[in-house]
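Each remark here refers to the structure printed beneath this line.
All values below were derived from every heavy atom in this structure, side-chain atoms included, with hydrogens, water molecules and symmetry-related copies excluded. Position 1 is the first residue of the sequence; numbering continues from there.
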Amino acid sequence: MSTVTVTTWSLEQTSPDDLRPAAAPPGDIRIVRAEIPSPEFSRFLYTAVGGDISWSDRLGMTYEQWRALLDRPGAETWVAYEKGTPAGYVELDPQDEGVVEIMYFGLVPAFRGRRIGGHLLSYGVARAWDLAQRWPDRPETKRVWLHTCSLDGPHAMDNYLRRGFRLFATKTAEEEAADMTGAWGRGRP
């Protein structure tokens with residue numbers, strides 16, 4: 001198996017005042033929380049968004065593993081829709097001591113470059129900051145963090161920085177190259 005050099009950047013916000021929201025894009029864009037844990041829908045979002053940018057860490061998960069991940073108190077998935085069609089999502093991962101990770105965030109390829117990403121990220125980060133309002137047993141959020149890497153889309157890092165995230169760690173490593181064929185496998189036109 002071949003390897004690829006991957007740089008991973010970790011970024012954070014430590015106050016809700018750090019968030020610099022993007023303007024909402026024109027058109028019929030709605031962001032809705034997927035309140036019923038659905039391994040099928042979450043796996044669809046994961047492959048639709050990450051299939052062409054090397055997301056592979058969850059592909060081997062079983063249905064039960066997906067369900068356990070989604071059923072945790074405070075775990076939330078927020079989905080952006082354009083005219084009723086899923087355009088992308090942001091997944092919030094509740095962690096200890098008031099920390100929330102933006103575990104996954106991205107757009108389906110057909111929706112990239114249309115100003116939806118900044119709006120979706122802004123909305124998702126705001127939901128990370130107010131997570132305790134929806135989950136009374138959670139402490140107030142004190143920190144929101146995420147990581148991105150050199151395999152992600154070319155505008156990812158710029159979007160995070162524009163939303164007020166600050167870099168706190170960088171690492172470079174050799175990783176096994178994933179055989180990424182996207183959500184359509186090798187049959188995509």
Residues L11, M157; criterion side chain to side chain contact (heavy atoms under 4.5 Å, CB included); working and verdict
CA-CA 9 Å; L11 300 104; M157 179 64 96; 3.8 Å; yes
Quick one: do E82 and R114 satisfy salt bridge (Lys or Arg N to Asp or Glu O under 4.0 Å)? Show the steps, please.
CA-CA 11 Å; E82 182 173 14; R114 296 168 54 189; 2.4 Å; yes
Can you check side chain to side chain contact (heavy atoms under 4.5 Å, CB included) on R43 and L45, steps first, answer last?
CA-CA 5 Å; R43 192 172 197 286; L45 291 169; over 6 Å; no
Show the numbers, then the answer: is there a side chain to side chain contact (heavy atoms under 4.5 Å, CB included) between F165 and V125?
CA-CA 10 Å; F165 281 92; V125 172; 3.6 Å; yes
Under the side chain to side chain contact (heavy atoms under 4.5 Å, CB included) rule, what do V100 and W129 come out as? Steps first, then yes or no, please.
CA-CA 8 Å; V100 178; W129 281 114; over 6 Å; no
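Residues that satisfy the salt bridge (charged side-chain N to carboxylate O under 4.0 Å, His left out) test with R112, not counting sequence neighbours, are D52.
With side-chain heavy atoms closer than 4.5 Å counting as contact, directly or through intermediates, L70 stands alone and belongs to no larger hydrophobic cluster.
Ring centroids of Y104 and W55 are separated by less than 6.0 Å, placing the two rings close together.
Both V108 and L59 are assigned to one and the same hydrophobic cluster, defined by single-linkage of ILVMFWY side chains at heavy-atom distances under 4.5 Å. Tracing side-chain contacts under 4.5 Å through hydrophobic residues (I, L, V, M, F, W, Y), one never reaches V99 starting from F105; they form parts of separate clusters.
Heavy atoms from other residues, nucleotides or ligands lying under 6.0 Å from CZ of R30 number 12 at most. Counted within 6.0 Å of CD on E97, heavy atoms from surrounding residues, nucleotides or ligands total 12 or fewer; the atom is thus considered open. Heavy atoms from other residues, nucleotides or ligands lying under 6.0 Å from NZ of K142 number more than 12. Counting heavy atoms of neighbouring residues, nucleotides and ligands inside a 6.0 Å radius, atom CZ of R143 exceeds 12 of them. Heavy atoms of other residues, nucleotides or ligands lying less than 6.0 angstrom from CZ of R138 number more than 12.
To the nearest 0.5 Å, atoms CD (Q13) and CD1 (I102) are separated by 8.5 Å. Atom CG in L167 sits 7.5 Å away from atom CG in L161 (nearest 0.5 Å). Remark: Y160 OH to D152 CG distance equals 6.0 Å, nearest 0.5 Å. Taking CH2 from W66 and OG from S38, the interatomic distance works out to 10.0 Å, rounded to the nearest 0.5 Å. Taking CG from L151 and OG1 from T5, the interatomic distance works out to 10.0 Å, rounded to the nearest 0.5 Å. Atom CG in L69 sits 8.5 Å away from atom OG1 in T77 (nearest 0.5 Å).
With hydrogens and angles left out, the side-chain atoms of E76 and W135 include a donor and acceptor closer than 3.5 Å. A side-chain N or O of Y46 and one of D57 form a donor-acceptor pair less than 3.5 Å apart. Looking at W78 and E91, their side chains never bring a donor and an acceptor atom within 3.5 Å of each other. Side chain to side chain, W145 and Q95 meet the donor-acceptor criterion of an N or O pair below 3.5 Å. If you check the side chains of S42 and R58, you find no donor sitting under 3.5 Å from an acceptor.
With contacts defined as side-chain heavy-atom distances shorter than 4.5 Å, the pair Y81/I31 does not qualify. Side-chain contact check for T170 versus T7: some heavy-atom pair is nearer than 4.5 Å.
Between P73 and P94 the shortest heavy-atom distance is O-CG, 3.3 Å. When every heavy atom of L120 is checked against every heavy atom of G88, the shortest pair comes out as CD2-C, 3.8 Å. Of all heavy-atom pairs between A128 and V144, the closest is CB-CG2, 3.8 Å. A pairwise comparison of heavy atoms in N159 and G118 identifies OD1-CA, 3.4 Å as the closest pair. Across every non-hydrogen atom of S122 and P21, the tightest pair is OG-CA, 3.3 Å. Smallest separation of non-hydrogen atoms from G60 and Q65: O-OE1, 4.1 Å.
A salt bridge is absent between R163 and D18; no separation between the charged side-chain nitrogens and carboxylate oxygens falls under 4.0 Å.
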